[in-house]
Amino acid sequence: MNVIAFYIAAAIAVLTTVLVITRKNAVQALLYLAVSLISVAVIFYDLGAPFMAALEVIIYAGSIIVLFIFVVMMLNLGKRATEAESKLLHARMWIGPIILAGILIAELAYLLAQGNTRVGAAHVIPPRDVGLALYRPYLLGVEISSMLLMGALVGAYHLGWHKQRKPETQDANREHATSPDAGRGPVRTGSGRTVGAP
Amino acid sequence: MFSLVRTLWDVFLHSFKPRVTRQYPEQPAYVPPRWRGRIILSRDPDGGERCVGCYLCAIACPVDCIALQATEDATGRRYPEFFRINFSRCIFCGYCEDACPTYAIQLTPDFEMSEYKRQNMVYEKEDLLINGTGKYPGYNFWRVAGVKIGGKDKGQAEREEPPTDLRQLMP
Amino acid sequence: MTSPYPFAAIFGILIVALTIASGLIWIERRLLALWQDRYGPNRVGPFGLLQVLADTIKLLAKEDWIPPFADKPVFIIAPAIIMITVLMSFAVIPIAPGIIISDLNIALLFFLAMSSLGVYSIVLAGWSSDNKYSLLGGVRAAAQMLSYEVFMGLSLMGVVLLSGSFDLVDIVHAQRKIWFIIPQFLGFVLFLIAGLAETRRLPFDLPEAESELVAGFHSEYSGMKFGMFFVGEYLGVTLISAMITILFFGGWMGPVLPPIVWFLLKMFFFIGVFILMRASLPRPRFDQLMAWAWKLMLPLALANLLVTGAVVLAFFH
């Protein structure tokens, strides 16, 4: 374990995560989030979990954040969204997160004070071990999460699936339904006029 | 899917086909004799300037790229004092050639007139004038025109009768 | 088995990769011309070889314009990302025994990770330009590259199963008897298509699509920033060709000739195939592209993985 690399990556991760929260522009915030995830991947690699590091980059930084950026690009957030963001960044908004984070820090400090916390850098975990761990002791968890994903997939498919419409017939029906009242559709000469009107 | 592979193969076979590109500066391009290219001013068979400074070309020119000033020599023969064509404006339409009554201004099959400086595209009379008759070898305007110039009096032109003496009654 | 002279290897591979990538500009133009019965650039230097140099000088001398409406830092960093990610991938490519910068035990995953990070370059370039065509190009690039990444990874898992390692050197050594192109032909085809889509080469160049999006994500780029996108694309082609060589065609293995020559021969053959595809295949519609990815390629990749896994389990275990 390279201590200097670890501290550099950790510092970058903390800094970029703070920047994620304070950025007003959504895409810039997501970019910092991606950098944060990559630095976390470096920490994983440093701790001897190269497989985990690669997956972190491929799945989180490479796919999920790209999807977020994709959605943000499609939403076309302009100045309005930035203003709404800056309203959210008031001091009052920080109370809840600060309390929660303080509890976490206190917990961490308590655990550290207990001593005997030798973590990390024991040995490098090859991909084979990850696979064996996933499919031997934790098989049930893998299966449950795969079922969850399957459910999500079916749900997304259902939401994205449009029933095939028949535009010609539908429009023809609407034409018949609305032709008596003259308010809708194109004005026809001679149909809606009262007798004697100019 | 098979059609994609066949397309790839057909395109690959083009490796062995001749190339259609003509290597231009080494293999010069064919330019037809009536090509409307660089404009010249031609001379009589005798060697005199054909241009009589009538301004018709300058008037006909749709982009106003021709400028000239007519003058006369001691014998009464008209010629342009200067004759200037701005080739960065010229569109090579050939109207000036059509308008010219003396076949002086002519378009030639030459198009290689690139310059590094724009000012060099302005051709003066000495650049335009050639030592030849161009497309009309035998024609001499002053020989057929009934104008009196030095060395040629009225009635001495080709196919011209001597002027009638108006004071005589005899036919 | 990292190289004994790490700095020599780093700079050697860096220089060779960049030279090949910029040379590819000339090679591609000449080959395209050959297949279209033209000559291509043949004026500057012998056979037009100095055309690349002339183009580089021109790009460097051009005005490096940043649009006033662009997001400036993102706009500047976007072309750098593609160069960085592709050049990082070259670090794990074993060119010949001993010629490798870093013999990583998860090299294949590293390659996939870097190619997935390459998406950022295109997406951010499209977004930061603040131009509707660029944005469309960026959106297309995000959708296309995400979709094709999925089965790019899956199509390689057959190779991983057969060789039992993510290490590219081990994968090459595992092909001592038989190249993986024979047992993994489907995987090879899938990887070739995914590689085309990942590098945004012509049948799948919808993010730039000159005829509809006016160069898409790099509409607003000029000067050497555009040059970096340009070289990045050719670096990507070189990288994918090298990966095909390593994963399916036995890497540096071959009779008589020295290993590095075999590697370069195979790599240039696939670069030629890439250019031939550009010369001959038309661009699909975007919905066709996405439909192929999810409805055809992904099931095929999964089936390939399933069958390979079953065969390995039944016969080699």
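With a 4.5 Å cut-off on non-hydrogen atoms, C/V139 touches chain A through its backbone and its side chain both. With a threshold of 4.5 angstrom between heavy atoms, C/L112 approaches chain A through its backbone and through its side chain. Within the 4.5 angstrom heavy-atom criterion, only side-chain atoms of C/V119, from C-beta onward, approach chain A. Contacts of C/A141 with chain A are absent, with no heavy-atom separation under 4.5 Å from either backbone or side chain.
Highest contact tally toward chain A, considering only C/A142, C/A113, C/S165, is held by C/A113 [criterion: heavy-atom pairs under 4.5 Å]. Of all the listed residues (A/I65, A/I59, A/I38, A/L55), the one sharing the greatest number of non-hydrogen pairs under 4.5 Å with chain C is A/I65.
Counting heavy-atom neighbours within 6.0 Å of A/I4 CD1, excluding the residue itself, gives a total of 12 or less.
In plain terms, the two heavy atoms of C/I82 and C/T85 that are nearest each other are O-OG1, 3.1 Å.
When atom types are taken as modelled, the side chain of C/Q175 and the backbone of C/I246 share a donor-acceptor pair closer than 3.5 angstrom.
Ring planes of C/F229 and C/Y221: perpendicular class, angle over 60° (limits at 30 and 60°). Using cut-offs of 30° and 60° for the angle between ring planes, the C/F248 and C/F191 rings count as tilted.
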